[in-house]
Amino acid sequence: SPVSQIRNFSIIAHIDHGKSTLADRLLEMTGTVAKEDMKAQLLDNMDIERERGITIKLNSARMNVKEDGHDYVLNLIDTPGHVDFTYEVSRSLAACEGALLVVDATQGVQAQTIANVTLAMEADLEIVPVLNKVDLPSADPERVCQEIEDVVGIDCSNALFCSAKTGQGVPEIIKRIIEQVPAPSVDETQERMRLLVYDSFYDNYRGVIAMFRVVDGSISKGQKIRFKASGKEFIVEEIGIMVGGLRKPVSRLSVGEVGYVCANIKTVGDARVGDTIIEAGTENEVEALPGYTEATPMVFCGLFPAESGDFENMKTAFERLSLNDAALFYEPENSVALGLGFRCGFLGVLHMEVIKDRLEREYDLDVVVTAPSVEYQVQMSDGTETTIQFANMLPPPHKVAEIREPYCLLEMIVPEEHMGPCMELATQRRGPRIFLTQGRALLEYEVPMAEIIRDFFAELKSRSRGYASMDYRILDYRSNDLVKLEVDINQTTANPLAQIVHRSRALQFAKKITGILQNEIPSQQIKVIIQARIGTHIISSKLIKAVRKDVLAKCYGGDITRKKKLLAKQAAGKKKMQAIGKVNVPSEAILAESELP
Ligand code: GTP
C-alpha cells in the first residue's frame, strides 16, 4: 500500500483504563479478527502479566480499513504501560506518528499517563484524546477533559468519547486516526535500509523475533542484515506483518511499514530494542537512528534458591530468561549466610518482581530475595571512583571521600482528600516538595531512588485508599551522608542484611530490622543477640532468650500473609534455616527485611 495510506499509532493509557479492550474492539470493528477468535489469539502468552493486571506488551496489529473509497493500513504499535519500561515505551513511540491518549472517564488522569504523554510529545506525535467507559453512569468525560487540559496541557475540544466495552464511539476513533495521524514521512534522499527495532522477544521455535519500523528503504527475505549497535549479522529467514496476533509472512516491507523479522537470532541481546537494522556492508555509510541506549539496571538484589540444591536449576532459569530479556543482569554469588545464589540487576521493582514470579512459577524454584538496593557512586580518598550495587562492596569509611546516590523526579497524582498523608510519606522519604497544582493534586518531589524502590507504591496506595498513582524518572546522582548499616547475630555479621542508608534514617532502619529478626528467629538452645551497627557503633540491640518455644508465637501482630507462608512452609517441612553465628535464621527473616520502612 502507498505510504500515504499508512497510519502508525499507539495507545497510551493507565493500567485498567481500557487499552486492551479498545485494541480488541479496533481489531474486531476493522474486521481483522472475528469476535470469538479474540481471546485465544490475543490474550495469550504472558500469564503473570495478565494475572497481575498488567499488560506489558500486546505487540502489534495491522488493520485494513476502507474509508471514503480508499484502502488504509492502520498499524497499532503497543507500548508497555509501566514505569520500568520507559525506554521501551520511547522506542515504540518513535515508530509511530500518532497516539491515542485513552483516559477512563470515571477516573481521570494518572501519573503514568502524564509520563507517557510527555514522551509522546517529545517524539512529536499527534495525540488524540479519547475518553473511555462513557457507558458507565459515573463517567464524567467533560470533567476529565478539563483535567487533561489542565494537567497534561493537551487541547481536548476535539476529544472523542467512547465505550471500548460496547463499541460506542469506536468507528469515530478509526476515522479520526486516518484524518489526524499523519502518514509516515519519507526522506527521498535516503535509499539505504534503516529499520528501527522497537521490540524483540524470544520464541521457542523461531528464535528471536524483532519488531521493526521501516524508517528508510526496504527489507526483503534472504537479505543479509546487520544490527548496528550489536554489530551482529544475520540472513533474513522471514519477514512479515502481525495480523490479529498471528504472524503473516510477506516478501518485502518498505518505508513507513512495520513488521517482524526472524533471522535465526539466538538472544535478544543481539537484537536490542532501539537498535538500527541496516544492510550488511553498509555500516560505514549508514548512520544509526538516534535514541539508542542500552537498558541499564537500576535496582539490585540478591536472589538465592531456598533449596541449596537448586543453584544449577536457577542458573539454567536465568540463562533462559535472559534470552528474552536484555535488561536482566545476573552473576553468581556465594554468601556465607545464604549459600550459592545470584546478584541481580533490574530496570526497576516491577521488573524484579516479574522475574522472581517467573522463577517461582515457570521454573518451580523457591526464591529468597534480599532487600533491593540502588547503585551508588563512590568517590575514593585517593581520587579514584567506583560504583557499587551492594552494601558489602562499600570500601572502609577511611578510604571513602564521598558517596552519591541516584535521585528521581517523583510524580504523584492524589485526590485532595488523601493529600496530607501522601505528602507526609514523600517528606519522610527525604523528598522536599517542589511543585503542587490542582484540586486533584499533582505532587512533584525530588526523592532519593533508594527511598522509593521498596514499599513506596504500596504505602502510597494504602495512604490514598488506592486512589493515588505515581511515576518516577532518574534525575542525577547526589552526594549524601550515607552510611553502611550492618547487622550482627551473636557477633557474626549477616552480610546479606547489610545496607547503605542515610544517616538520618539509620536508627529507624536499625530498630525495624532488629525487631523483625527478633520476631522471626525461633528461640534456640543458646541466647541470641541481634545488633545493628554503623561501623563499631551499635545503635539497636535485641535479645532472644534461650528457651524452646513455638516458632509462631512471636508472629502476633505481624503480617498475616507472612505468617501463613511460614506455616505452610513448616507444614511442608521445607523451612530453610540459615546458620549465622551458630544461630538458625529462617529465610523469611531475610525476606522480611525487604519490607523495611
Ligand atoms: P491492563 O491490561 O491492565 O494494562 O489494562 P488495560 O488498560 O488494557 O485495561 P483493560 O482493557 O483490561 O480494561 C480494564 C477493565 O475495564 C476491564 O475489566 C474492562 O472490561 C473494563 N473496560 C474497558 N473499557 C470499558 C468500557 O468502555 N466500559 C466499561 N464499562 N468497562 C470497560
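Just so you know, ligand 1 is whichever comes first in the structure, and atom 1 is the first atom listed for that ligand.
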Can [X] and [Y] be counted as an ion pair, charged N to O under 4.0 angstrom?
X	Y	value
Asp78	Lys19	yes
Asp135	Lys165	no
Glu28	Arg25	yes
Arg473	Glu411	no

Of the backbone atoms (N, CA, C, O) and the side-chain heavy atoms from C-beta on, which set of [X] has a member under 4.0 Å from an atom of ligand 1: side chain, backbone, both, or neither?
X	value
Asp135	side chain
Leu136	side chain
Lys133	both
Ala13	neither

Set of residues satisfying side-chain hydrogen bond (donor to acceptor under 3.5 Å, both in side chains) with respect to Ser157, sequence neighbours excluded
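Asp155.
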Just jot down the side-chain hydrogen bond (donor to acceptor under 3.5 Å, both in side chains) partners of Gln146, sequence neighbours excluded, or say none.
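Listed in chain order: Asp150.
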If the cut-off is 4.0 Å to any non-hydrogen atom of [X], which atoms of ligand 1 fall inside it?
X	result
Ser20	2 (O), 6 (P), 8 (O), 11 (O)
Ser163	26 (C), 27 (O), 28 (N)
Lys19	6 (P), 7 (O), 8 (O), 9 (O), 11 (O)
His14	7 (O)

Do any nitrogen or oxygen atoms of Ala164 come within less than 3.5 Å of a nitrogen or oxygen of ligand 1?
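Looking only at distances, the answer is yes, because the N/O contact criterion of under 3.5 Å is met.
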Any nitrogen or oxygen of Gly18, side chain or backbone, less than 3.5 Å from one on ligand 1?
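Yes, there is a polar N/O contact under 3.5 Å.
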Fit a plane to each ring of Tyr330 and Phe342, take the angle between them on a 0 to 90° scale, and name the class: parallel (under 30°), tilted (30 to 60°) or perpendicular (over 60°).
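Tyr330 and Phe342: perpendicular rings.
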